[in-house]
Amino acid sequence: MRLSRYFLPTLREDPAEAEVVSHKLMLRAGMIRRLASGIYSFLPLGLRALRKVENIVREEMNRAGAQEILLPLVQPAELWKETGRWDKFGKELLRFKDRKEHDFCLGPTHEEVITDLVRGEIRSYRQLPLILYQIATKFRDEIRPRFGLMRGREFIMKDAYSFDANEEGLNKSYRLMYETYERIFSRCGLRFTAVLADTGTIGGEESHEFMVLAETGEDVIVSCPSCGYAANLEMAEAVQNFSYPEEEEKTLEKVSTPDVKRVEDVAAFLGVPTWKLVKTLIYLVDNKPYAILIRGDHELNEVKLRRALGAEVVEMADAETVERLTGAPVGFAGPIGLSGIVIIADKAVAGLKNFVTGANEKDAHYINVNSPRDFEIDSFYDLRNVTQGDLCPRCGKPLELTRGIEVGHVFKLGSKYSEAMGATFLDRDGKEKPFVMGCYGIGVSRTLAAAIEQNHDENGIIWPLALAPFHVALLTLGPGDQELFEASEKLYHALWEKGVEVLWDERDERPGVKFKDADLIGLPYRIVLGKKFKSEGKVEIKPRTQKEAFLLSEEETINFLASEIQRACQSK
RNA sequence: CGGGACGUGGCUCAGCCUGGUAGAGCACUGGGUUCGGGACUCAGGGGUCGCAGGUUCAAAUCCUGCCGUCCCGACCA
């Protein structure tokens with residue numbers, strides 16, 4: 001492609017609308033433009049990069065024996081009512097009516113549609129296993145879209161669904177997809193890790209998330225360098241047993257704490273460490289009130305809470321509810337004297353002596369609180385977030401916390417959807433059974449953003465070869481120089497013939513402009529025809545990852561680039 | 001949905017507090033010089049200041065409402 005004819009509007013300055021680096025760079029490099037919040041157009045360069053990801057995904061899915069299909073974005077409400085998700089999914093599901101006043105939605109995911117398709121066509125265990133996938137647009141009316149393609153409302157996703165006759169088959173399909181995902185993200189040139197994950201609203205039994213490691217990631221990954229254990233924050237078990245020093249139980253005492261509410265403030269005011277405070281959080285768990293006790297220096301994880309209680313919905317009680325249940329404004333809740341409310345606690349609270357709690361009274365706390373002497377705890381669960389210094393649940397060595405971007409997610413669904421929708425097949429024993437399903441997603445557009453989050457410097461993007469929209473930027477300096485232009489044109493065609501994708505900057509621009517744009521766009525190799533070519537007949541080559549350039553003849557340049565690209569991009 | 005910020009040529013922003021002729025840089029068009037890290041110069045084109053009300057002799061500026069965008073929290077590929 002000739003840059004002078006290419007629709008590539010690069011920006012000198014950071015656009016005001018972008019905050020994170022991938023978003024800024026994609027806008028500046030002319031890859032995307034915003035149409036509405038969380039909704040983006042892809043420009044030629046952005047689309048080329050997107051297609052690179054898609055093609056790797058497609059090749060590896062096909063290799064695994066999955067078959068590509070394309071399902072509708074617009075879906076009738078009836079299907080969603082069959083599984084009960086029409087009511088459960090909430091506002092993320094964008095709903096509307098057609099001209100006949102029938103309810104429809106834009107597909108945020110496709111379990112219903114795929115299950116409907118398969119139940120009509122697959123009748124026998126002999127047709128299993130079956131894995132189908134698509135690469136298509138999804139729409140989720142996110143509460144807060146942000147960070148450009150990282151959390152858009154409309155986005156490109158690869159979603160796959162496996163159908164098996166039994167658990168054993170599902171385990172095999174799951175394993176196959178897991179391994180396929182490892183191949184996909186490796187081929188993309190990304191540093192990633194797979195972690196144990198919660199199954200969330202899609203539901204199911206087992207689940208892993210694939211996380212691209214990046215400082216700017218929204219998710220926290222807990223991993224053990226010693227044994228390889230890795231989980232996200234919702235799943236990582238906080239197993240540490242705290243052995244608190246033996247202490248006499250002192251006399252319970254109410255103290256005045258005027259206007260002191262926050263944990264740090266209370267601790268400072270009373271002169272005790274934050275871990276000797278116990279927070280009392282009032283939650284509505286499936287609309288039943290719970291008081292949850294957690295150490296002052298720990299954080300409650302709502303997903304853990306939901307899982308521990310086997311609940312559907314957990315939400316923090318609002319200020320009025322807290323006041324009604326505890327008789328005190330927010331900030332002074334405590335377990336002593338509460339009635340009509342279940343009291344549970346995080347495991348780390350067990351064995352804690354002479355701690356501090358709210359007194360259910362404005363401007364007052366209790367000190368020297370002890371359980372069960374002063375109140376009873378119904379039960380203990382793992383409810384807190386793992387923190388730096390916690391120990392691995394498998395091997396007991398210290399855990400590490402890092403950040404990541406979730407780019408893929410694999411689930412074992414079991415028969416949740418097939419049962420709800422009556423999707424059955426006839427098994428070998430002559431009995432009707434529901435399909436045992438798995439579902440496997442990759443955020444394709446998000447993967448692109450994650451790749452940039454992980455690979456950039458202060459000058460712009462640094463594309464991994466496999467994802468680069470073009471492999472090479474060819475800069476011709478010296479405008480109007482016929483010799484340089486003709487040599488460039490020859491080289492340009494020769495490279496394309498060898499399968500090297502070249503973006504040729506033959507614009508009538510000064511060298512500085514070309515260098516800046518080349519760095520910004522971040523193609524893996526930059527080759528320059530300028531002074532050195534005029535004097536020595538050599539082409540200057542600089543990998544985007546390196547500071548220094550080197551010189552090669554035209555022929556060497558072609559061979560070098562062709563072999564580099566073949567090495568990095570061919571499906572292994 | 002709660003909390004915060006913002007909306008002025010294509011882009012980044014100033015002007016608003018203290019009402020009175022709409023500005024700068026970049027980008028764009030034409031001319032000249034320049035050409036290995038975002039050149040210089042001359043001449044130009046382009047904005048009903050997000051929208052709608054209100055206050056005022058007069059509103060980008062003050063007030064009210066709405067819309068849009070971004071950031072922080074609960075959701076997720």
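To find a chain, count down the sequence lines: A is the first, B the second, and so on, and within it residues start at 1.
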Test of understanding: with salt bridge (Lys or Arg N to Asp or Glu O under 4.0 Å), list the residues that count as partners of [X], not counting sequence neighbours.
X: A/Glu406; result: none
X: A/Glu218; result: A/Arg146, A/Arg151
X: A/Arg191; result: none

Output yes when a side-chain donor or acceptor of [X] lies under 3.5 Å from a complementary backbone atom of [Y], and no otherwise.
X: A/Arg446; Y: A/Met150; answer: yes
X: A/Tyr181; Y: A/Gly441; answer: yes
X: A/Thr180; Y: A/Met61; answer: no

Sugar-phosphate, base or nothing in reach of [X], heavy atoms under 4.0 Å:
X: A/Arg33; value: nothing
X: A/Asp517; value: base
X: A/Val513; value: base
X: A/Glu142; value: base
X: A/Ala18; value: nothing
X: A/Tyr181; value: nothing
X: A/Glu209; value: nothing

Hunt down the Watson-Crick or G-U wobble partner of [N], both distances under 3.5 Å, from any strand shown, or write none.
N: B/G2; value: B/C72
N: B/G47; value: none
N: B/A39; value: B/U33
N: B/G7; value: B/C67
N: B/A24; value: B/U12

Minimum-distance nucleotide (side-chain atoms of [X] versus [options]):
X: A/Arg151; options: B/A39, B/C75, B/C70; answer: B/C75
X: A/Ile143; options: B/A77, B/C1, B/C72; answer: B/C1
X: A/Arg146; options: B/G36, B/G73, B/A77; answer: B/G73
X: A/Ala16; options: B/U69, B/U12, B/A39; answer: B/U12
X: A/Pro15; options: B/A74, B/U12, B/C72; answer: B/U12
X: A/Arg446; options: B/U69, B/A39, B/C76; answer: B/C76
X: A/Ser37; options: B/A39, B/U69, B/C75; answer: B/U69

Aro-ring/base stack A/Phe155-B/A77, d under 5.5 Å, angle under 30°: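 Stacking is present between B/A77 and A/Phe155, given that their ring centres fall under 5.5 Å apart and the planes under 30°.
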According to salt bridge (charged side-chain N to carboxylate O under 4.0 Å, His left out), does anything in residues 483-492 of chain A pair up with another residue at least two apart or in another chain? List the pairs.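 The answer is A/Arg2-A/Glu489, A/Glu483-A/Lys534.
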Enumerate the salt bridge (charged side-chain N to carboxylate O under 4.0 Å, His left out) contacts for residues 450-463 of chain A, please, sequence neighbours excluded, ordered by first and then second residue.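 Checked against salt bridge (charged side-chain N to carboxylate O under 4.0 Å, His left out) - neighbours excluded - the pairs reaching residues 450-463 of chain A are A/Asp457-A/Arg544.
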Distance between the [atom1] atoms of [N] and [M], in whole angstroms?
N: B/G7; M: B/G15; atom1: C1'; answer: 15 Å
N: B/G73; M: B/A59; atom1: C1'; answer: 38 Å
N: B/U8; M: B/G50; atom1: C1'; answer: 10 Å
N: B/G68; M: B/U29; atom1: C1'; answer: 32 Å
N: B/C16; M: B/C6; atom1: P; answer: 14 Å
N: B/A60; M: B/U18; atom1: C1'; answer: 15 Å
N: B/G31; M: B/C17; atom1: C1'; answer: 45 Å
N: B/A14; M: B/G25; atom1: P; answer: 16 Å

Sequence neighbours excluded, every pair satisfying ring pair (Phe, Tyr, Trp, His ring centres under 6.0 Å) that has a member inside residues 281-315 of chain A: A/Phe242-A/His298
Check this for me: does the side-chain of A/Asp219 come within 3.5 Å of the base of B/C76 through a donor and an acceptor?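 For A/Asp219, whose side chain was compared with the base of B/C76, there is a donor-acceptor pair (under 3.5 Å).
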Going by modelled atom types, is there a donor-acceptor pair between the base of B/U34 and the side chain of A/Arg510 at under 3.5 Å?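 A donor-acceptor contact between them is present.
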Can you measure [X] atom [atom1] to [N] atom [atom2] for me and round it to whole angstrom units?
X: A/Arg34; N: B/C11; atom1: CZ; atom2: P; result: 10 Å
X: A/Arg153; N: B/C76; atom1: CZ; atom2: C1'; result: 15 Å
X: A/His110; N: B/A77; atom1: NE2; atom2: C1'; result: 13 Å
X: A/Glu17; N: B/A5; atom1: CD; atom2: C1'; result: 16 Å

More than 12 foreign heavy atoms under 6.0 Å from NZ of A/Lys542: is that the case here? yes
Within residues 455-463 of chain A: residues closer than 4.0 Å to RNA chain B (heavy atoms): none
RNA chain B contacts made by residues 520-532 of chain A, counting heavy atoms under 4.0 Å: A/Arg526, A/Val528, A/Gly530, A/Lys531, A/Lys532
Between A/Lys304 and A/Asp382 (salt bridge meaning N to carboxylate O under 4.0 Å), is one present in this structure?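 A/Asp382 and A/Lys304: salt-bridged.
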With a 4.0 Å cut-off on N to O distance, would you call A/Lys81 and A/Asp87 a salt bridge?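 So A/Lys81 does not pair with A/Asp87 through a salt bridge.
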Between the protein and nucleotides 2-4 of chain B, which nitrogen or oxygen pairs are less than 3.5 angstrom apart?
none

Hey, are the side chains of A/Ile56 and A/Arg187 touching, using non-hydrogen atoms and a 4.5 Å cut-off?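 Yes - at least one pair of side-chain heavy atoms lies under 4.5 Å apart.
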With a 4.5 Å cut-off on side-chain heavy atoms, are A/Phe210 and A/Glu182 touching?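 Contact flag for A/Glu182/A/Phe210 side chains = yes.
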Would you verify whether the NZ or CZ of A/Arg175 falls within 45 degrees of the ring axis of A/Tyr178 while also being under 6.0 Å from that six-membered ring's centre? yes
Toward the 5' end of RNA chain B, which comes first, A/Gly408 or A/Gly148, by nearest nucleotide?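 Its nearest nucleotide being more 5', the pick is A/Gly148.
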A/Asp14 or A/Gly38: which one's nearest nucleotide on RNA chain B is closer to the 5' end? A/Asp14
Mind telling me whether A/Phe560 and A/Tyr525 have parallel, tilted or perpendicular rings, with 30° and 60° as the class edges? perpendicular
Return the polar atom pairs (N/O with N/O) between nucleotides 26-33 of chain B and the protein under 3.5 Å, or none.
residue : atom : partner : partner atom : Å
B/A27   : OP1  : A/Arg12 : NH2          : 3.2

Residues in ring-ring contact (aromatic ring centres under 6.0 Å, His included) contact with A/Tyr440, at least two apart in sequence or another chain: none
With sequence neighbours excluded, tell me which residues meet ring-ring contact (aromatic ring centres under 6.0 Å, His included) with A/Tyr6. A/Phe470
